[in-house]
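Heads up, the thing below is written out as structure tokens.
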Amino acid sequence: MCGIVGFTGNREAQGIVLDCLKRLEYRGYDSSGIAIVSKGSLKVRKSLGEISVLESHLESMPGNTGIAHTRWATHGKPTTENAHPFLDCKEEYALVHNGILTNYMELKEQLIKKGHKFTSETDSEVLVHLIEDSDAPDLKSKVLSVLKKAEGSYAVAVVQKGLDEIVAARNESPLVIGVGHDENFIASDTTALLKYTNEVVPLMDKEAVRITPGSIEVFDLNGKPVQRAPAKVSWTLEDAERSGYPHFMLKEIYEQPRAIHESLLGRLDGQEDDSIFQEQITSIKILGCGTSYHAGLVGKYIIEELSRIPTTTQISSEYRYSPVTESKPLVVCITQSGETADTLAAAREARKRGCKTIAITNVLGSAITREADHVIYTRAGPEIGVAATKTFVTQLIALYLLGLRLGAIKNTLSSDRRRAIISDMRALPRIVQSVLNEASAIEGYAKKYKCAHSMFFIGRHLNYPTSLEGALKTKEISYIHGEGYPAGELKHGPLALLSKDTPVIAICAADHTYEKMLGNVREVTARDSPVLAIGTEGNQDLSKYAEDVFLVPKIDPLFSPVPIIVALQLFAYYLAIERGCPIDKPRNIAKTVTVE
Ligand code: AGP
């Protein structure tokens, strides 16, 4: 995954594109580059490392049109040569690309035979040489002719020497157009543009756009004009900035009470459109990757509890290759970004199999919203930190809401139970805030356990997936190996790994599994592993079993994953702080994975 931006207007482009680019750094940060067009010239500068390194090397580059790129290597190592933008042989065009071209080797060989000289190992560079090679009359037609030859995914932007315009296109990689006054933008993500505009035009797959300071023309790959009105996003610049927090991850953890509140607004009064549920729903399949998959695993318990509809959860990339069965479940695709390639492919596969699909996503107009029959937005606001936090919690909220609606349709909830559930959901922001108020206690446990090489996270029932998510957060942010496990399974193998050097984080929610969890804690302490038990207020007896105890406020066990995961997010965050890890940009991973 990489980030691209472009600007054309009456102001100097250099500062604006770099400013926007920095907001995309979460998408990739191994090298970056910029191209600026001014009358009669086209300058490109690139550098290895983060955008600040590029910036520190840059001279002033006058010009009103520019494109820039921050890279996350897929083809070719992170080097200055492999950084974007790429120039053609005559240095007439500069191009940035996010995605993967599957037929680039074949195209490259043809271009080399024609005498083109390549300077990088990337797939992207072929596009700029193809543009140079095209005999179409103008930049727009050249780009369109080239994209007809390109196979694979792309968000691409091109500028030409001396021209104040940008031609851009997308296929399976995100790209939005930002609408300004006498200036226009393109970017991989709306958050990059919020300082300058909140009016955006989403670009769809296999569409292109030509922007000048005063115009935006969207068209399909045959050059046929497409009419699309701009939409206003409600996110503000403050939403997309750190607001005094040392890291986006911490800011986003602390935004959870508000995110939950907003995700519930107007959705508890039973006025939602139920047209998607007209057909008989006999089963549900939830699909997602990473954290979104974990939300889906919790979702299985929620939906079965509230509506009694049999539900399974599957990893998106596994679903695609599973056999087609007779049944046509309602398919729920969870993806915070709405751009994860595996989940998009799974959604397409589900439709091919004749299933109705619902998308749960955080990003307005993202690719998944065009693949699904119905969309539920999570309203978490922009999430910049690579580790998903508030989007996970709001995905759970969306699943509780879905469970409630299905429960109403299936008539599985008494009015008292429904009222109690709604009242518990309304209490969630306050409950999460109470956990956040105790962050210093969690910080203390992180200091104690910071030297561990490996940890187990155990739980039962709907807190088994919570344990998986706690382990994932710990792995990706603190680089400590964390393994989530169903507590009942420890004795079937993993106990062999336990010792005094292997802390175990035991989720002991006050539900029907509590006594069994105490048994598991005993099993673990007998192997000398230190235990941090996460329990519920009222279960003070936990301290008799576990060395360390953190209690979250009392709530119906159905909602226990919400406060518990907030505690585990803080634990992972403070472990990472103690170990000096780059929290918002962990090594080797990217926020949105647009390759399969
Ligand atoms: C978790 O912290 C990661 N960011 C990752 O597992 C993520 O949840 C996964 O890549 C899926 O992303 P999506 O929700 O945007 O589809």
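Quick note: numbers below take in every heavy atom, side chains included, and nothing from hydrogens, waters or symmetry partners. Throughout, numbering of the chain's residues begins at 1 and tracks the sequence. Just follow the structure's listing: the first ligand is 1, and inside any ligand the first atom is 1.
Across the listed options M249, E469, E476, Q569, E476 owns the non-hydrogen atom lying nearest to atom 2 (O) of ligand 1.
Judged by the shortest distance from any of its heavy atoms, V386 lies inside the 4.0 Å radius around the atoms of ligand 1. The closest approach between E339 and ligand 1 stays at or above 4.0 Å for every heavy atom of the residue.
Atom 15 (O) of ligand 1 has its closest protein heavy atom at S337 OG, 2.6 Å. Here the protein heavy atom with the shortest distance to atom 9 (C) of ligand 1 is C289 O, 3.6 Å. Protein heavy atom closest to atom 10 (O) of ligand 1, with residue, atom name and distance, is V593 CG2, 4.2 Å. In this structure, the protein non-hydrogen atom closest to atom 8 (O) of ligand 1 is T291 N, 3.1 Å. The shortest contact between atom 16 (O) of ligand 1 and any protein heavy atom is with T340 OG1, 2.5 Å.
A salt bridge does not link R351 with E371: every distance from a Lys NZ or Arg NE/NH1/NH2 to an Asp or Glu carboxylate oxygen is 4.0 Å or more. Between K352 and E349 a salt bridge is recorded (basic side-chain N to carboxylate O distance below 4.0 Å). A salt bridge is absent between K77 and D30; no separation between the charged side-chain nitrogens and carboxylate oxygens falls under 4.0 Å. We find that R170 and E339 are joined by a salt bridge, their nearest charged nitrogen and carboxylate oxygen being less than 4.0 Å apart.
A distance-only check finds no donor-acceptor pair linking the side chain of Q336 to the backbone of S292 [under 3.5 Å].
Here the closest non-hydrogen pair linking I4 and A155 is CD1-O, 3.6 Å. Among all heavy-atom pairs drawn from G385 and E252, the shortest one is N-OE1, 3.2 Å.
Short contacts between ligand 1 and T335, defined as distances under 4.0 Å to a heavy atom of the residue, involve ligand atoms 13 (P), 14 (O), 15 (O), 16 (O). Residue S292 has at least one heavy-atom neighbour below 4.0 Å for each of these atoms of ligand 1: 8 (O), 13 (P), 14 (O). Distances below 4.0 Å separate heavy atoms of K473 from the following atoms of ligand 1: 1 (C), 2 (O).
Not one N or O of T343 is nearer than 3.5 Å to an N or O of ligand 1, by distance alone. Between Q395 and ligand 1, a contact under 3.5 Å exists for no N or O pair. For ligand 1, none of its N or O atoms has an N or O atom of A387 under 3.5 Å away.
The environment of NZ in K356 is sparse: at most 12 heavy-atom neighbours from other residues, nucleotides or ligands sit within 6.0 Å.
Ring geometry, H84 versus H69: the interplanar angle falls under 30°, so the pair is classed parallel (tilted spans 30 to 60°).
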